[in-house]
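Single-structure report; data block below.
So that the names make sense, note that chain A is the first sequence line, chain B the second, and so on, each numbered from 1.
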Amino acid sequence: MKPPRRSRNSVRPRTARTETPMDAHAHDQAGEHDSSLHRIRHSLAHVLAQAVLKLRPGSTLGFGPAIADGFYYDFILSEPLTEDDFPELEKTMKHIIKQNQRFEREELDRAEALARLDDMGEPYKREYAEELFEKKGIEQLSFYKNGPFLDMCEGPHVESTREIPAGAFKLRSLAGAYWRGDSDNVMMTRIYAWAFESREALDAHVKAYQDALARDHKKLGKELDLFVVDDEIGKGLPLWLPNGTVIRDELEKLARELEFKAGYVRVATPHIAKTSLYYKTGHLPYYASHMYPFMELTETREGEHGTEEEVRETYCLKPMNCPHHHKIFAARPRSYRDLPLRLAEYGQVYRFEDSGALSGLLRVRGMAMNDAHIYCTEDQVKSEFLAVMRMHQEVYDILGLTEYYFRFSTWDPEDPKGKDKYIDDPEGWETTQRLVHEAMVESGARFVVGKGEAAFYGPKIDVQFKTVTGREETASTNQLDFGIAQRLGLEYVGPDNQMHRPYIIHRAPLGTHERFVAFLIEHYGGAFPTWLAPVQVRVLTVGERFDEHAEKLVAALRGEMVRAEMDRSSETMGKKIRNAVTSKIPNVLVVGEREVEDGTVTLRRYGVQQQETLPFAAFQERLLTAIRTRSQTI
RNA sequence: GCCUGCGUAGCUCAGGGGUAGAGCACUUCCUUGGUAAGGAAGAGGUCACGGGUUCAAAUCCCGUCGCAGGCUCCA
């Protein structure tokens, strides 16, 4: 891996992305087009398309690229396919591969290419071809033919289907996908497949995938009683069970401590606000489709001459905390001497996400956000942003998270929808992006650039994670806002006795409880380190006559704020141990005659075969230290 | 919201036009056990909901709701 090079002035272009721990998929997009595995995957996509056209003549084609672990192809099918058709499709594909079809490339100029696509009856490919000619100024387009199958395609491909390893691919799933990813377009049928360089590599991947499913936060959330989503409460509105609430509380405590040390002050704001505030900030009507329906209330008041008049007010569930915090900033005149002002709150927000997007704790409609807004001068932006990045790294170090990358999400001045998508202030964009970029370089954090991913009001640093099933999600986001202060008239008195607009940093290193806990469940596979574990210590006895003694140990631990409990079930000891293990309790204490006599306990750590007998006081001290230091290993 | 698939006990699942099954969990009793499942009995279901077809529907058909995997959007 090459050390990342950093240019000082410009934002790195996408092709020069910095390496990250999660760049396996990125590789595939940038510079790995010629790898043999990529050629195999891409060629298999053509083989799949050929097989689909054989089984469903008259179907038309969308895109069919290689992806991180295989490939997919999109179709408009003449007759529907189901996963039950996969064996037949796979058989047809294997048959095609055996034919040793050669991939032949042909370059056509504009008129020829479009005529060819018309002949082929491929309207979507034609649409894309026209765009390539118009917008990208391309002179020629390449077509690939293998056997009877012809496709407009950039390539590259294998020379012949004989280069495709037999049995190293597997059709995985059927899914709907909008043409060109735009929900205004037609819905195509996408067939996903895994493909590798060998049968062994495929099997290993499939096995790893199946093992990963055991870590799925929805599965573990149920098994470990962390949360439920109840239909009668509402979709996307999880209920946190006692065990899950412990994890929330511990994370919140961690955030409070880090923020206190970093000079934040805490605030608390209501869950609702008048919609008029959101019109002022510019979020409405733009954001309305992502909000719960508004609450209208009508009040009758006495008018000027004893007449009654109706006053209507509209309230909404807040989709974000920012305006509330901004109002706290505006609650009294501010001086530059007050800055930076850092307002923190684990704020509850509600966002009306599409029902089809909801998933466990990962995508919800009600969430508690590790929010804070930092109001500062331009001179302070860089150091404040840097401090935010340092806090990120501290949090991730504590939690042992390594599988993530930072994405510098920037403005795209060439975006045709730019006027609606971004504040129209090129100078503001350039200044803020420079400041964020400098802070990132100074932080030493590696990052990729996400052009066009900026927020409406400023550039941001998103933290991207992957779930066990390989889906990428944003865990948290840090934005530099140069637009809102003006809209809300936020200002402070500078040393020059003039009014100035503050810069505002929105930041949330721990994201939302919902999504962050989902990541943590999967990260730890449900076996949390002691400081986070819902039950930290379970005590069980060899026989009932030791229960009283064990009860005293539990009481002593709880006196030290340790989440300890006793297993009083009338099960055998073996069963009690098994129950503790399947509940993934980090510390199990066994007490019998020997321990009672010696004042010891026998400790069985989760995942450690070797047990240990030690004085209770020594155990307690070790445990309290591990909890206090938030040890990863205990 | 859209595409595809799936909804049977608290959980994991079998069954499938003739009236409901297993394992685990739960309750009670017996067992007092030294490191991953001691034994017995019991209770628990409007087979997601609504409509249709049928002598008869958990089973077939339609609709609704929910869930899963994708797409779009986002923390």
Would you indicate what [X] reaches in the nucleic acid, counting non-hydrogen atoms under 4.0 angstrom: base, sugar-phosphate, or nothing?
X	result
A:Asp354	base
A:Gln609	nothing
A:Thr572	base
A:Arg604	base
A:Lys576	nothing
A:Phe516	nothing
A:Leu362	base
A:Val229	nothing
A:Arg594	base
A:Ala508	nothing
A:Ala175	base
A:Glu593	base
A:Gly356	base
A:Thr189	nothing

Could you tell me which nucleotide pairs with B:rC47 by Watson-Crick or G-U wobble geometry, both distances under 3.5 Å, or answer none if nothing does?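 Across any shown strand, B:rC47 pairs with none.
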
Distance-only donor-acceptor test, A:Glu232 side-chain atoms vs B:rG66 base atoms, 3.5 Å: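 Answer no: no donor N or O sits under 3.5 Å from an acceptor.
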
Please confirm whether any donor atom in the side chain of A:Arg515 sits under 3.5 Å from an acceptor in the base of B:rC74, or the reverse.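 Yes, a donor-acceptor pair under 3.5 Å.
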
Looking only at atom [atom1], what distance separates [N] and [M], rounded to whole Å?
N	M	atom1	result
B:rU27	B:rG34	P	24 Å
B:rG45	B:rC13	C1'	15 Å
B:rU12	B:rU8	P	9 Å
B:rC62	B:rC3	P	15 Å
B:rC61	B:rC6	P	11 Å
B:rA57	B:rG70	P	39 Å
B:rG42	B:rA58	C1'	26 Å

[X], nearest nucleotide to its side chain (from [options]):
X	options	value
A:Lys235	B:rC67, B:rC3, B:rU72	B:rC67
A:Arg363	B:rU35, B:rU72, B:rG5	B:rU72
A:Ile577	B:rA75, B:rU35, B:rG34	B:rU35
A:Tyr178	B:rU72, B:rC30, B:rG66	B:rU72

More 5' along RNA chain B: A:Thr602 or A:Lys460, using each one's nearest nucleotide?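 The answer here is A:Thr602.
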
Where each residue is assigned the nucleotide of RNA chain B containing its nearest heavy atom, which of A:Gly234 and A:Glu83 is assigned the position nearer the 5′ end?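 This one resolves to A:Glu83.
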
Does the side chain of A:Arg363 come within less than 4.5 Å of A:Arg515's, by heavy atoms?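 Yes - at least one pair of side-chain heavy atoms lies under 4.5 Å apart.
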
According to a strict under-4.0 Å criterion, is [X] in side-chain N/O contact with OP1 or OP2 of [N]?
X	N	answer
A:Lys222	B:rA25	no
A:Tyr192	B:rC71	yes
A:Ser476	B:rA75	no
A:Lys575	B:rA25	yes
A:Ser359	B:rG69	yes

Determine, for [X] against [Y], whether the closest basic-nitrogen to carboxylate-oxygen distance falls under 4.0 angstrom.
X	Y	answer
A:Arg180	A:Asp182	no
A:Glu612	A:Arg605	no
A:Glu384	A:Arg342	yes
A:Glu551	A:Arg568	yes

What is the distance, to the nearest angstrom, from the [atom1] atom on [X] to the [atom2] atom on [N]?
X	N	atom1	atom2	value
A:Gln610	B:rG34	CD	P	19 Å
A:His290	B:rG1	NE2	P	12 Å
A:Leu171	B:rG70	CG	P	16 Å
A:Phe456	B:rA75	CZ	P	15 Å
A:His392	B:rA75	NE2	P	13 Å
A:Phe465	B:rA75	CZ	P	15 Å

Test side-chain contact (heavy atoms from CB on, under 4.5 Å) applied to A:Thr613 and A:Leu603, A:Thr600, A:Val601, the passing residue: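 Result: among A:Leu603, A:Thr600, A:Val601, A:Thr600 is the only option passing the side-chain contact (heavy atoms from CB on, under 4.5 Å) with A:Thr613.
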
Taking the six-membered ring of A:Tyr350, is NZ or CZ of A:Arg365 closer than 6.0 Å to its centre and within 45° of its axis?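 The answer is no; the distance or angle limit is not met.
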
Evaluate A:Ile521 against A:Phe528 for side chain to side chain contact (heavy atoms under 4.5 Å, CB included), listing each step before the verdict. CA-CA 8 Å; A:Ile521 292 168; A:Phe528 295 98; 3.8 Å; yes

